[in-house]
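Each remark here refers to the structure printed beneath this line.
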Amino acid sequence: MSRELHVIDHPLVQHKLTLMRRKDTSTKGFRELAHEISILLAYELTRDMPMQEIEIETPLEKMTSRIIDGKKIVLASILRAGNGFLDGMLQVLPAARVGHIGLYRDPVTLKAVEYYFKMPGGMEERDVIVLDPMLATGNSAVWAVDRLKQTLPRSIRFVCLVSCPEGIQNFHDHHPDVPIYTPAVDRGLNEHGYIVPGLGDAGDRIFGTK
């Protein structure tokens with residue numbers, strides 16, 4: 001059992017996350033920071049991606065060089081907040097396909113309820129990066145990866161901005177084989193299931209709906 005947890009402590013990532021946490025950061029600022037931090041996270045997420053060799057020609061001669069097969073990567077966004085990660089990731093991985101998983105959290109049970117699921121074809125040949133800013137209770141992430149595993153992808157990685165011990169435990173109890181990438185493991189959850197100290201509701205802050 002792997003239960004991999006990668007805490008991304010790069011100074012630029014930590015700096016931008018601190019700015020995102022501040023309650024007086026505007027919607028515009030929060031959205032721009034989400035875009036910037038997702039670009040930085042993409043570097044860590046793709047560090048051990050499979051590569052292939054191709055033949056190219058430099059201005060001086062032909063050579064064999066390596067590339068990531070971007071067409072095999074799927075960015076799976078958990079709606080709606082995951083879309084705040086998409087543009088930045090696609091800037092680094094422009095050939096990636098995009099899938100969407102529509103989930104909302106039942107306010108009473110805190111369980112995930114699915115309303116939409118759409119992935120590219122040929123998933124058995126693809127490496128999936130699941131995008132969701134918060135790993136709180138972990139229920140949405142567990143559900144999303146449950147559904148993704150039904151498509152039999154080659155690999156799955158999960159990335160979030162902020163996590164907590166309860167969410168990590170729940171996620172890896174169900175999916176010990178899926179690594180988590182996050183810049184922050186916060187103290188825990190409050191009585192409403194929100195991460196504390198956290199950064200609030202990421203979806204509301206990205207889209208200005210609160």
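FYI, side chains are in, hydrogens and waters are out, and symmetry mates aren't considered; it's all heavy atoms of this structure. Predicted model only: the values in this text are computed from it and were never measured.
V128 and L152 fall into different hydrophobic clusters, where Ile, Leu, Val, Met, Phe, Trp and Tyr side chains are chained together by heavy-atom contacts under 4.5 Å. Follow the hydrophobic side-chain contacts under 4.5 Å out from I54 and you reach M63 in the same cluster. Grouping the Ile, Leu, Val, Met, Phe, Trp and Tyr side chains by contacts below 4.5 angstrom, directly or via other members, places V196 apart from M20. Both Y115 and V113 belong to a common hydrophobic cluster when Ile, Leu, Val, Met, Phe, Trp and Tyr are linked at side-chain heavy-atom distances under 4.5 angstrom.
How far CG of L103 is from OG of S140: 5.0 Å, rounded to the nearest 0.5 Å. One finds the CG atom of L40 at 6.0 Å from the CG atom of L12 (value rounded to the nearest 0.5 Å). The CG atom of N83 sits 12.5 Å away from the CE atom of M89 when rounded to the nearest 0.5 Å. Taking CZ of F158 as the reference point, atom OG1 of T182 lies at 8.5 Å (rounded to 0.5 Å). Rounding to the nearest 0.5 angstrom, the gap separating the CG atom in L189 from the OG1 atom in T137 is 7.0 Å.
The closest side-chain heavy-atom distance from D146 to E114 is not below 4.5 Å. Side-chain contact between M134 and C160: absent, with no pair of heavy atoms (C-beta onward) separated by less than 4.5 Å. Between E166 and N170 there is no side-chain heavy-atom pair separated by less than 4.5 Å. M119 is listed as a side-chain neighbour of I101, based on a closest heavy-atom distance under 4.5 Å. Counting only heavy atoms from C-beta outward, the side chains of R154 and R126 never approach each other to under 4.5 Å. In this structure, H175 and I156 have side chains that are not in contact, with every pair of non-hydrogen atoms separated by 4.5 Å or more. A 4.5 Å side-chain heavy-atom check between V159 and I8 finds every atom pair outside the cut-off. Contact check for V98 versus L90: side-chain heavy atoms found under the 4.5 Å cut-off.
The aromatic rings of Y181 and H6 sit parallel to each other, their planes meeting at less than 30°, with 60° as the upper class boundary.
The only option from D177, D127, D48 that meets the side-chain hydrogen bond (donor to acceptor under 3.5 Å, both in side chains) definition with S155 turns out to be D127.
Taking the salt bridge (Lys or Arg N to Asp or Glu O under 4.0 Å) definition, one finds that D9 meets it with nothing, sequence neighbours left out. The salt bridge (Lys or Arg N to Asp or Glu O under 4.0 Å) test applied to D173 returns R3, not counting sequence neighbours. Applying the salt bridge (Lys or Arg N to Asp or Glu O under 4.0 Å) criterion to K28, with sequence neighbours excluded, gives E32.
A donor-acceptor pair under 3.5 Å is formed between the side chain of R157 and the backbone N or O of L45. Side-chain atoms of E36 do not come within 3.5 Å of backbone N or O of G88 as any donor-acceptor pair. A side-chain donor-acceptor contact under 3.5 Å links T25 to the backbone of L19.
At a threshold of 4.0 Å, the pair R31-D87 does not count as salt-bridged, since none of the basic side-chain nitrogens sits closer than that to a carboxylate oxygen.
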